[in-house]
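Values reported hereafter were calculated over all heavy atoms of this structure, with side chains retained and with hydrogens, waters and symmetry mates removed. Because the structure is a prediction, the values reported are computed rather than measured. Atoms within each ligand, like the ligands themselves, are counted from 1 in listed order.
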Amino acid sequence: MSKKLFTTFILICCCTALTLRAGPAVSARKDVPWWQHAVFYEIYPRSFTDSNNDGIGDLRGITSKLGYLKDLGIDAIWLTPCYPSPQVDFGYDVSDYKNIDPVYGTLKDFDRLEREASKQGIWIIMDFVLNHTSDQHKWFIDSRSSRTSARRDWYIWHDGRGPGQPPNNWLSIFGGSAWKFDPATNQYYYHRFYPEQPDLNWRNPAVENAMFDVTRWWYKRGVAGFRLDAVSNLFEDPDLRDNPLLPGVNYLGDPKMEDRYNDNLPEVHEVLHDLRKVADEYKAVLIGETWASTAAELKQYYGARGDELQMPMDLAFTKITTLSATEFRNHIAAVDSAGGWPVYVINNHDIVRSYVRYGDGQHNDAIAKLLAGLYLTLRGTPIMYYGEEIGMENNGPVRKEDVKDPVGRVGWPLDKGRDGERTPMQWNDAPNAGFTQGTPWLPIPPSYKSHNVAAELKDPNSVLNFYKQLLALRRHNAALLDGEYIPINKDDPNVLSYVRRTASQTVLVALNMCAAPQTVSFDLSPQGLASTKVHTLLSSTATTQEPDLTQLSLPPFAVYIGEIDK
Ligand code: GLC
């Protein structure tokens, strides 16, 4: 394409995006809960921005970047845990639920972040680690002090089966037995995650009261909701029956087993139902870390009467490892018809970044745009993960001695832990990517030189500018926000296509999931649309004229979004 033509195309894109940000947002509609139109953005505070140059990100750092987030076009921030913690699991081992860890700042810093975010129209969601506390939490210190302590029954204590034998065969997700012997009282306590994360006993009403009280405390401080950590793990079989063994060993070297007696017990739903009642008192939203193996299982988390989680995350995209139009199509159909409002995720702090999962080394940026084009245009609420908008890649440890996440040492070299997806945000091409002037707690990948916010803001063709245009489009497009999801060309193995449709508007999304150019033909007459004309809303590749629906050309990994003329 000639330079002039390219510049004109870019100008059109930019102008469209700019116009879209003006005017009242569809998301201001009163008849739809705010979170249904919102885009959430997960921040791992340790890695976002370091304001005091100790190498670790903090709340003041986040506050300083609110302008960037507003401009990007997100509506809510989910902060992963920043409560006081010994940091064994980097905050998922909470030692005080009603404070901020000094490494991240103070409650005053939190209040300021909340206030400033609210001025920008950005909601704050906290992470609620409700399955377990830190072993340094005062409740556990008391619980382990004697068999008769007032809080003994706040955790799960049991005698072993015999000398040196834990109560049963249950395993920790992070490797080894889920039981740790405590010589002080000659009993074992249960920990589904690290031994430093003892499980709370949710069968004890005192635990429930104390934990519900924590949520009230934060709601009163202004938080708009919680992301609930590891919810399926809240209950265990009271008879402690052994789990059935499966053939083989897992990547941590443990026998494979079906977690029949310590995962996803029905009692979980009673707690979620009660937690929702508290949330409703404050008009708060509950998001679940709901690993479900089927859409039917996911559906249960909404509650039989929509009275549990408003937003159980569908995490299945993170398990689809190849860009298969068929696999994505099938999965979306299952979630979309599950009966609740879908919540889509492609990245988070526990999963290898999508840039690496799907990148082919040649079209990585195009693929990053393709994934944005997918999950930001589906019916549902997307949850982004910091850095995906600039095409951040994983930067896992190369030597075992550099591993920070303990599971990476247990699983080395098969599982190197989660450090790679938690590296500092790449702000510019200055040393340490502008994240800190100290030594960053995790190393930054060399790609920060090209993939950083400052450079990408200047490049009209960057992943970041594509995200910005798409988020701006979505914010004001009723069909993308509320329209029905209708898959089309369902037999195409390469191009995933669908329309999003309201009574007055139909938007077509076509995603070329392969490295070869494709030409697709759409017949929308079964949908009652005779027109073959489409008006381009956004395309990841240059389009010089409005395409014809009977022959839409899609370069490798291209995203095409257009409104069908009536
Ligand atoms: C969740 C978190 C993960 C943490 C675990 C234990 O899966 O996302 O980071 O290690 O719970 O709290």
Consider ligand 1: state whether an atom of it lies below 4.0 angstrom from any non-hydrogen atom of Phe174.
yes
Output field: ring centroids Tyr188/Trp157 closer than 6.0 Å:
no
Sidechain N-carboxylate O distance under 4.0 Å for Asp153, Arg151:
no
among protein heavy atoms, the one nearest atom 12 (O) of ligand 1 is Asp229 OD2, 2.8 Å
So is Arg192 in contact with ligand 1, going by heavy-atom distances below 4.0 Å?
no
salt_bridge(Arg46, Asp101) N-O dist < 4.0 Å
no
Of all the atoms in ligand 1, which lie at a distance below 4.0 Å from a heavy atom belonging to His132?
6 (C), 12 (O)
Provide, to 0.1 Å, the distance between atom 7 (O) of ligand 1 and the closest protein heavy atom, together with that atom's residue and name.
Glu289 OE2, 2.8 Å
Short version for Arg227: what comes under 4.0 Å of ligand 1, heavy atoms counted, is side chain
Taking the basic N atoms (NZ, or NE/NH1/NH2) and the acidic carboxylate oxygens, is any pair closer than 4.0 Å for Glu267 and Arg203?
yes
Proximal atoms of ligand 1 relative to Arg418 (non-hydrogen, under 4.0 Å):
3 (C), 4 (C), 9 (O), 10 (O)
Give the atom numbers and elements of ligand 1 that come within less than 4.0 Å of a heavy atom of Arg422.
9 (O)
Side chain to side chain donor-acceptor pair (under 3.5 Å) partner of Thr381, chosen from Tyr375, Trp341, Tyr344, Trp35
Trp341
Quick one: nearest non-hydrogen protein atom to atom 8 (O) of ligand 1, plus distance?
Asp350 OD2, 2.5 Å
May I ask you to list the atoms of ligand 1 that are less than 4.0 angstrom from any heavy atom of His349?
2 (C), 3 (C), 8 (O), 9 (O)
For Arg422, is there an ion pair with Asp419 - N to carboxylate O distance below 4.0 angstrom?
no
NZ/NE/NH1/NH2 to OD/OE distance under 4.0 Å, Glu289 and Arg227:
yes
Which residue supplies the protein heavy atom nearest to atom 10 (O) of ligand 1, what is that atom called, and how far is it?
Asp89 OD2, 2.5 Å
Decide, yes or no, whether a salt bridge links Asp307 with Arg276 under the criterion of side-chain N to carboxylate O below 4.0 Å.
no
